[in-house]
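Note that the structure is a prediction, hence the values are computed from the model and not measured. For reference, positions follow the sequence shown, starting with 1.
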Amino acid sequence: MAVKKKTTKRKTTTKKKAAPKKKAAPKKKATKSKAKKPAFGGYAISFAGRNETAEQIFGKKPIAPSEMTKKIWAFVKSKGLSNR
């Protein structure tokens, strides 16, 4: 005796429901002046007015990013450019 297997039909949906449109958030009124805020935490370094080029700081040979970071900090500490 042969046993018949049940075949299941799947529904295929080609139409997708459109996502409900989101309302735009109301814009806040600019009551405060847009003054630049000071740096929050960490170091604040000012390179303003410096005449050194990258070649003078890093040298002419290609170096790794970790070496670049070390040389930048050595430069900042030697010139006193940090706020600490």
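One finds the CD1 atom of Ile72 at 12.5 Å from the NZ atom of Lys77 (value rounded to the nearest 0.5 Å). To the nearest 0.5 Å, atoms NZ (Lys71) and CD1 (Ile63) are separated by 5.0 Å.
Proximity of a side-chain donor or acceptor of Gln56 to a complementary backbone N or O of Thr53 within less than 3.5 Å is detected.
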Begin from the C-alpha positions of Leu81 and Arg50 and carry the test side chain to side chain contact (heavy atoms under 4.5 Å, CB included) through to its verdict.
CA-CA 10 Å; Leu81 301 176; Arg50 303 305 311 176; 4.0 Å; yes

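Contact annotation: the side chain of Glu52 approaches that of Phe75 to within less than 4.5 Å [non-hydrogen atoms, C-beta and beyond].
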